[in-house]
Novice: 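Sending over a structure as structure tokens; questions will come in a sec.
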Amino acid sequence: MEYKPGEIENKCKAFWEKEGIYKVNIDPNKPKYYVLDMFPYPSGSGLHVGHPLGYIASDIYARYKRLKGFNVLHPMGYDAFGLPAEQYAIQTGVHPAKSTAENIKRYREQLDNIGFSFDWSREVQTCDPAYYKWTQWIFMQLYNHYYDTAADKALPIDELVKHLEKHGNANLNAVADEETPAITAEAWNNMSEGDQQLFLLNYRLTFPEESYVNWCPQLGTVLSNDEVKDGVSERGGYPVERKLMQQWSMRITAYADRLLYGLENVDWPESLKEQQRNWIGRSQGASVKFALEEAPDTKIEVFTTRVDTIYGVTFMVLAPEHELVAQLTKPEQQEEIEKYIKWTASRSEVERMAEVKKVTGAFTGSYCLNPVNGEKVPIYIADYVLAGYGTGAVMAVPSGDQRDWNFAKHFGLPIVPILDAQQNLDEAADATKEGKYINSELINGLAYEEAVPKLISWLEAQGAGRGKIQYRLRNAVFSRQRYWGEPVPAYWKDGVPYLIDESELPLVLPQVDKYLPTETGEPPLGRANDWKYKGQYDYELSTMPGWAGSSWYWYRYMDPGNDQAFVSKEAVDYWQDVDLYIGGSEHAVGHLLYSRFWNHFLYDLGLVPKKEYAKKLINQGMIQGVIEFIYLDKNSTGQKRFVSADLTGQYPDAEWAQIPVHVDFVSDYGKDDSYLDEAGIQQFLEWRQEFKGAAFEANAEGKMVTYSEVGKMSKSKFNVINPDDVVAQYGADCFRMYEMFLGPIEQAKPWDTQGIDGVYKFLRRFYDLFSDKDGHFAVSDEAPDKAELKVLHQAIQKVEQDIERFSFNTCVSAFMIATNELRKLKCNKRDILEPLVVLMAPFAPFTTEDLWSKLDHEGSVHRDGKYPAFNPEYLKEDEVEYPIAINGKTRATASFPSDASKEDLEAAARELEDIQKWIEGKTIRKVIVVPKRMINIVVG
RNA sequence: GCCGACGUGGCGGAAUUGGUAGACGCGCUGGAUUCAAAAUCCAGUUCUGGCAACAGAGUGCGGGUUCGAUUCCCGCCGUCGGUACCA
């Protein structure tokens with residue numbers, strides 16, 4: 001009975017399709033379990049072997065839970081809007097919908113090859129109008145709500161309007177823009193309808209505002225930060241400028257605290273939670289206003305986490321970009337300040353980061369007044385203060401902050417101690433909170449805990465400050481000047497934005513002649529003909545960003561066809577939330593923060609049952625590729641000369657260029673001594689025509705040895721391994737098990753086919769357990785013996801435990817061990833093999849399905865199989881083998897009855913010949929006996 | 001700089017609560033089978049010494065706690081990921 005994975009796979013795929021094995025429906029009689037993979041973007045290059053790693057793990061877990069009697073939701077779909085399709089459209093004119101559909105088709109084929117148990121009837125695509133209708137709908141809800149700080153949740157904007165009508169915005173408990181002016185009820189009621197709408201934008205959870213973007217005039221488009229390198233566009237190297245543009249924004253800052261504290265209630269990797277905490281960056285402190293000496297009505301506002309050190313302030317530092325700098329600069333300082341600002345602007349981010357030690361700055365010539373004692377404080381500018389954080393101004397306390405201390409030393413500014421516990425201020429700042437305050441009038445003699453509230457209430461009474469919580473998190477820009485995204489369901493009337501009517505959803509993406517911005521710099525949607533709301537008002541022309549559609553998609557899977565709601569109450573009540581979420585750590589602060597934000601909002605509206613939507617999250621590690629290079633002699637003019645990597649040492653004076661080689665041409669790919677043979681060289685020349693006629697200096701064996709390096713698996717490195725090829729050669733089950741066998745799921749590792757033969761060999765041997773000497777399928781109905789039952793139950797115990805802790809690599813080992821042992825025992829008994837088939841079904845769905853039917857079952861092991869129950873009775877041993885150690889070092893092993901008493905064990909151990917020689921002539925100080933574990937004799 | 005993770009044979013990795021370090025697989029060595037090769041099967045394989053029994057060393061480095069440490073604690077070194085000169 002030969003193991004032919006290809007045949008088995010074709011048979012199973014057809015059978016599963018016909019029977020709808022993986023279709024799932026609400027079933028109140030079964031407990032639910034939701035296993036979710038992070039949404040893939042269907043890229044043009046298809047899947048490589050790194051992508052399915054997480055999918056295989058989640059599939060194993062989903063199948064395992066199904067066999068354990070859970071009703072498992074395990075869906076898949078596509079985050080189908082995105083830049084690559086748009087860029088392809090710009091180059092080729094092919095509509096992104098068309099290329100995306102083709103890419104999705106390819107992805108689907110690749111996924112099907114690996115044997116996943118997705119319920120494809122629930123597939124969603126974010127670019128489908130039936131899907132993005134609801135993305136737009138959620139956007140509208142955000143627009144129609146504000147964040148109420150008293151209720152600590154989102155409330156309808158109508159409630160806020162009622163308050164404005166009666167009281168203006170006095171005593172309004174709402175998160176608002178920092179610059180929102182105070183207005184009375186009268187002022188509100190006298191506003192025009194348009195002005196009222198504009199005023200409400202200060203409160204809405206999504207709103208348009210002017211914000212800075214990286215504008216590239218030559219490309220006519222906005223670039224993301226990582227598309228800009230050293231002030232020019234990465235593509236083409238065109239200049240990029242900061243430009244103010246009207247952009248939609250999401251008031252995620254309203255949810256900062258909830259996003260922070262919510263992390264405590266989810267089982268996510270600690271490093272990921274820490275990244276989110278840092279990103280939110282909550283710091284508690286105080287805002288303090290320092291009046292200008294010469295213009296007391298003008299205040300410099302600073303944020304500090306150490307308001308208790310305010311008597312130690314000896315200077316003030318503003319960011320060079322601070323708006324008051326021009327006003328503060330005295331004529332005699334003009335030249336120096338201008339020079340400094342110019343110098344700062346010329347420095348790249350990287351340069352500013354690299355030079356942490358060097359102190360730079362310039363004095364403006366002006367002073368402000370310390371509110372607590374009226375002292376004159378000189379005002380400097382320096383680039384260690386960032387314009388984008390807090391207020392762009394810092395009150396400098398050199399005795400308590402090292403950076404301030406460095407600055408004070410450099411510019412000869414005083415360093416005033418403020419706590420009696422501060423030490424060695426001549427050498428460094430001391431940020432201690434210990435001791436009692438000195439030189440600090442109001443708080444002298446107090447401790448930190450008493451000083452802070454006293455100062456804050458004093459400052460509040462003076463109108464000079466208040467307690468404040470500062471976040472690093474900023475509102476998220478939600479507009480993209482792109483074509484291939486969800487249209488924003490809004491239009492503009494006299495400069496005021498309005499939503500379209502809910503009944504008009506979806507607002508469908510219009511056709512355009514080109515996918516480029518218009519000549520006047522408007523987004524591509526500006527090219528759509530007659531695209532106006534009610535034929536007269538301009539629609540919003542920007543589209544939503546990539547993360548819009550992925551911020552709620554897990555609900556759509558629960559109820560994908562619903563056209564009355566984004567998800568029905570019935571579905572969400574049953575499926576609740578995601579039990580297991582697997583995906584890459586690159587989404588740590590993007591997708592995983594935005595989606596939590598939307599989920600909290602939907603929770604506030606009572607539309608979803610859980611504040612946090614994913615209970616447990618696992619990051620799968622990246623699978624890296626090996627990049628192969630050959631050495632080109634840089635100085636070979638005329639005829640180009642390539643030299644085998646093992647020969648380059650013979651030319652000490654030569655200079656080498658590393659030319660990447662497509663890994664398909666390389667023999668023994670992935671091994672240290674991978675090489676190009678004659679055929680490989682021909683393929684290389686075919687591929688890189690410019691090297692036609694080059695000389696190839698091979699080694700003695702006629703091989704061009706390549707230089708190998710571990711790096712990202714990507715199209716541009718020519719090292720993408722297509723899972724289809726591996727599946728064709730070894731079968732899908734082997735591919736699945738090998739990916740798991742590589743190591744722990746969270747760990748990054750290079751793709752390396754060296755070990756795959758071992759897994760293939762194992763699968764063949766496993767399959768072979770079911771056949772007789774002549775190669776015919778044969779299992780016996782004989783009752784199993786003790787040894788066989790022990791092997792089976794050891795495997796059951798180990799595999800079950802390891803799946804539960806997501807240790808899939810050790811599960812594969814356990815299957816190998818069981819197979820090896822049963823081979824030795826020549827066991828082909830049904831009572832052993834059949835439970836083993838079920839146990840292995842989540843890992844090797846095809847092979848086990850085939851064996852299941854050969855074992856005379858009608859249906860599918862994945863639907864009808866019952867997970868074998870572990871029975872510890874079978875593992876019981878009459879004897880236990882003990883290591884016997886002298887002073888902790890094992891010197892002998894011996895078997896003793898498993899029910900032997902401590903005393904008997906000690907006595908028996910002492911009698912052993914191998915032990916006698918170690919204790920002879922020595923005093924036994926102590927004997928430690930841990931039953932069923934070990935015996936240790938301490939001698940001295 | 002800060003935050004997080006990690007460091008075990010030639011290689012991928014195992015050791016779940018502090019209890020025989022190196023499971024399982026690759027590779028390598030020897031043998032069987034074969035006209036031969038591939039494939040398959042059997043045995044061995046941390047290092048050092050020894051024919052062997054065995055002895056010594058050994059989980060990045062240095063210390064500590066313990067009868068006993070890959071595991072716990074302190075201090076270094078290195079690698080990877082994240083990042084923000086964050087007041």
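Reminder, nothing fancy here: chain letters follow the sequence lines and each chain counts from 1.
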Novice: Of the options B/rU20, B/rU16, B/rG19, whose atoms approach the side-chain atoms of A/P883 most closely?
Specialist: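 For A/P883, the side-chain atoms sit closest to B/rU20.
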Novice: Kindly point out which of B/rA87, B/rC67, B/rA84 is positioned nearest to the side chain of A/W279?
Specialist: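 Side chain of A/W279 sits closest to B/rA84.
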Novice: Please determine if A/K932 and A/E877 form a salt bridge, counting it only when a charged side-chain N lies under 4.0 Å from a carboxylate O.
Specialist: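 Here A/K932 does not pair with A/E877 in a salt bridge, since their nearest N and O are not under 4.0 Å apart.
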Novice: Determine the interatomic distance between C1' on B/rG62 and the same-named atom on B/rA52; round to the nearest Å.
Specialist: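 B/rG62 and B/rA52 have their C1' atoms separated by 38 Å.
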Novice: Should A/R472 be listed as having a side-chain N or O under 4.0 Å from OP1 or OP2 of B/rC2?
Specialist: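 The answer is no; no side-chain N or O of A/R472 sits under 4.0 Å from OP1 or OP2.
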Novice: Looking at B/rA87, which nucleotide sits across from it as a Watson-Crick or G-U wobble partner, both distances under 3.5 angstrom, or is there none?
Specialist: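 Pair assignment: B/rA87 / none.
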Novice: Regarding B/rC2, can its base be found pairing with the side chain of A/N278 as donor and acceptor, where the two atoms are less than 3.5 Å apart?
Specialist: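 Looking at the base of B/rC2, it does not pair with any donor or acceptor on the side chain of A/N278 (distance under 3.5 Å).
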Novice: Heavy atoms under 4.0 Å, any strand shown: does A/R823 hit a base, just sugar-phosphate, or nothing?
Specialist: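 Answer is sugar-phosphate: A/R823 comes under 4.0 Å of backbone atoms only.
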Novice: Among the candidates B/rC67, B/rC24, B/rC85, find the nucleotide nearest to the side-chain atoms of A/L386.
Specialist: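 Among B/rC67, B/rC24, B/rC85, the one nearest the side chain of A/L386 is B/rC85.
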Novice: Out of B/rG58, B/rA87, B/rA14, which has the shortest distance to the side chain of A/T810?
Specialist: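 Nucleotide nearest to A/T810's side chain: B/rA14.
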Novice: With heavy atoms under 4.0 Å as the rule, sort A/N936 into base, sugar-phosphate or nothing.
Specialist: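 The answer is base, as A/N936 lies within the cut-off (heavy atoms under 4.0 Å) of a base atom.
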Novice: Taking the six-membered ring where the residue is Trp, are the ring centres of A/F766 and A/Y3 under 6.0 Å apart?
Specialist: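 When the ring centroids of A/F766 and A/Y3 are compared, they turn out to be at least 6.0 Å apart.
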Novice: Across all strands shown, which nucleotide pairs with B/rA15 by Watson-Crick or G-U wobble geometry, both distances under 3.5 Å?
Specialist: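 Matched B/rA15 with nothing under the 3.5 Å cut-off.
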Novice: Looking at B/rG13, I'd like to know if its phosphate oxygens (OP1 or OP2) sit under 4.0 Å from a side-chain N or O belonging to A/Q747.
Specialist: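 A/Q747 to B/rG13 OP1/OP2: side-chain N or O found under 4.0 Å.
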Novice: Do A/E800 and A/R805 pass the salt bridge (Lys or Arg N to Asp or Glu O under 4.0 Å) test, and can you show the C-alpha distance, the side-chain angles, and the key distance before you say yes or no?
Specialist: CA-CA 9 Å; A/E800 196 170 342; A/R805 63 188 182 104; over 6 Å; no
Novice: What interatomic distance, in whole Å, is found between C1' of B/rU16 and the corresponding atom of B/rA84?
Specialist: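 Going atom to atom, C1' in each nucleotide, I get 38 Å.
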Novice: Among B/rU20, B/rC86, B/rC26, which nucleotide sits nearest the side chain of A/K761?
Specialist: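 Between B/rU20, B/rC86, B/rC26, the one nearest the side chain of A/K761 would be B/rC26.
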Novice: For a quick check of understanding: with a heavy-atom distance under 4.0 Å over all strands, which category does A/P744 fall into, base, sugar-phosphate or nothing?
Specialist: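 Touches sugar-phosphate only.
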Novice: Mind running ring pair (Phe, Tyr, Trp, His ring centres under 6.0 Å) on A/Y760 and A/Y738 for me, showing each step along the way?
Specialist: CA-CA 8 Å; A/Y760 191 60; A/Y738 182 60; over 10 Å; no
Novice: Taking pairing as Watson-Crick or G-U wobble with both contacts under 3.5 Å, can you name the mate of B/rA32, or confirm there isn't one?
Specialist: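 In the structure as shown, B/rA32 has B/rU40 as its Watson-Crick or wobble partner.
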Novice: Scan A/N820 against the nucleic acid and name what it touches under 4.0 Å (heavy atoms): base, sugar-phosphate only, or nothing.
Specialist: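 Contact class for A/N820: sugar-phosphate only.
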Novice: Which listed nucleotide (B/rC86, B/rC67, B/rU20) is nearest to the side chain of A/R403?
Specialist: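 Closest of the options to the side chain of A/R403: B/rC86.
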Novice: Is the phosphate of B/rG18, meaning OP1 or OP2, less than 4.0 Å from a side-chain N or O of A/R933?
Specialist: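 No.
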Novice: What is the nucleic acid contact for A/K798, judged by heavy atoms within less than 4.0 Å: base, sugar-phosphate only, or nothing?
Specialist: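 Base contact.
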Novice: Of all the choices, B/rA87, B/rG19, B/rC41, which nucleotide is nearest to the side chain of A/M934 once you look at every atom?
Specialist: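 Within the option list, the nearest is B/rG19.
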Novice: Touch check for A/W918, heavy atoms < 4.0 angstrom, all strands: base, sugar-phosphate only, or nothing?
Specialist: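 It contacts sugar-phosphate atoms only.
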Novice: Taking a pair as Watson-Crick or G-U wobble with both distances under 3.5 Å, which nucleotide is matched to B/rA5?
Specialist: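 Pair assignment: B/rA5 / B/rU79.
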Novice: Taking B/rU66 as the reference, what is the distance to B/rU29 when you measure between their C1' atoms (whole Å, please)?
Specialist: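 Approximately 42 Å lies between the C1' atom of B/rU29 and that of B/rU66.
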Novice: So if I take every side-chain heavy atom of A/F741 and compare against B/rA55, B/rA87, B/rG25, which nucleotide ends up nearest?
Specialist: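 Nucleotide nearest to A/F741's side chain: B/rG25.
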Novice: Is there a Watson-Crick or G-U wobble partner for B/rC47 with both distances under 3.5 Å, and which nucleotide is it?
Specialist: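 The base-pairing partner of B/rC47, which may sit in any strand shown, is B/rG56.
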Novice: For A/N887 and B/rG68, is the shortest distance between a side-chain N/O and OP1 or OP2 below 4.0 Å?
Specialist: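 Checking A/N887 against B/rG68: no side-chain N or O falls below 4.0 Å of OP1 or OP2.
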Novice: A/S271 near the nucleic acid: base, sugar-phosphate alone, or nothing, with a heavy-atom cut-off under 4.0 Å?
Specialist: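 The answer is sugar-phosphate, as A/S271 gets under 4.0 Å only of primed atoms, P, OP1 or OP2.
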Novice: Could you tell me how far B/rC26 sits from B/rU65 if I compare only their C1' atoms? Round to whole Å.
Specialist: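 Approximately 39 Å lies between the C1' atom of B/rU65 and that of B/rC26.
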Novice: Could you give the CD1-to-P distance, from A/I817 to B/rG25, as a whole number of Å?
Specialist: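 About 8 Å, once rounded to whole Å.
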Novice: Are A/F806 and A/Y61, when compared by the centres of their aromatic rings, separated by less than 6.0 Å?
Specialist: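 Yes, the ring centres sit under 6.0 Å apart.
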Novice: Can you identify which nucleotide, out of B/rG19, B/rG13, B/rG4, has its nearest atom closest to the A/E274 side chain?
Specialist: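 The answer is B/rG4.
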Novice: On RNA chain B, check which nucleotide each of A/E881 and A/V759 is closest to and give me the residue with the more 5' one.
Specialist: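 Closer to the 5' end of RNA chain B: A/E881.
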Novice: Flag the pair A/D757 and A/K761 as a salt bridge only when some basic side-chain nitrogen lies within less than 4.0 angstrom of an acidic carboxylate oxygen.
Specialist: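 Salt bridge between A/D757 and A/K761, a charged N being under 4.0 Å from a carboxylate O: no.
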Novice: With a non-hydrogen cut-off below 4.0 angstrom, is A/E270 in contact with a base, only sugar-phosphate, or nothing?
Specialist: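 Nothing, no nucleic acid heavy atom in range.
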Novice: In terms of the angle between their ring planes, are A/H793 and A/F870 parallel, tilted or perpendicular, with boundaries placed at 30° and 60°?
Specialist: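 Geometry flag for A/F870 against A/H793: tilted rings.
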Novice: Where each residue is assigned the nucleotide of RNA chain B containing its nearest heavy atom, which of A/T391 and A/Q275 is assigned the position nearer the 5′ end?
Specialist: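 Result of the comparison: A/Q275.
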Novice: Under a 4.0 Å threshold between the charged nitrogen and the carboxylate oxygen, would A/E906 count as salt-bridged to A/R910?
Specialist: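 Here A/R910 pairs with A/E906 in a salt bridge, since their nearest N and O are under 4.0 Å apart.
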Novice: Can you identify which nucleotide, out of B/rU16, B/rC67, B/rG13, has its nearest atom closest to the A/K926 side chain?
Specialist: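 Of all the options, the side chain of A/K926 is nearest to B/rC67.
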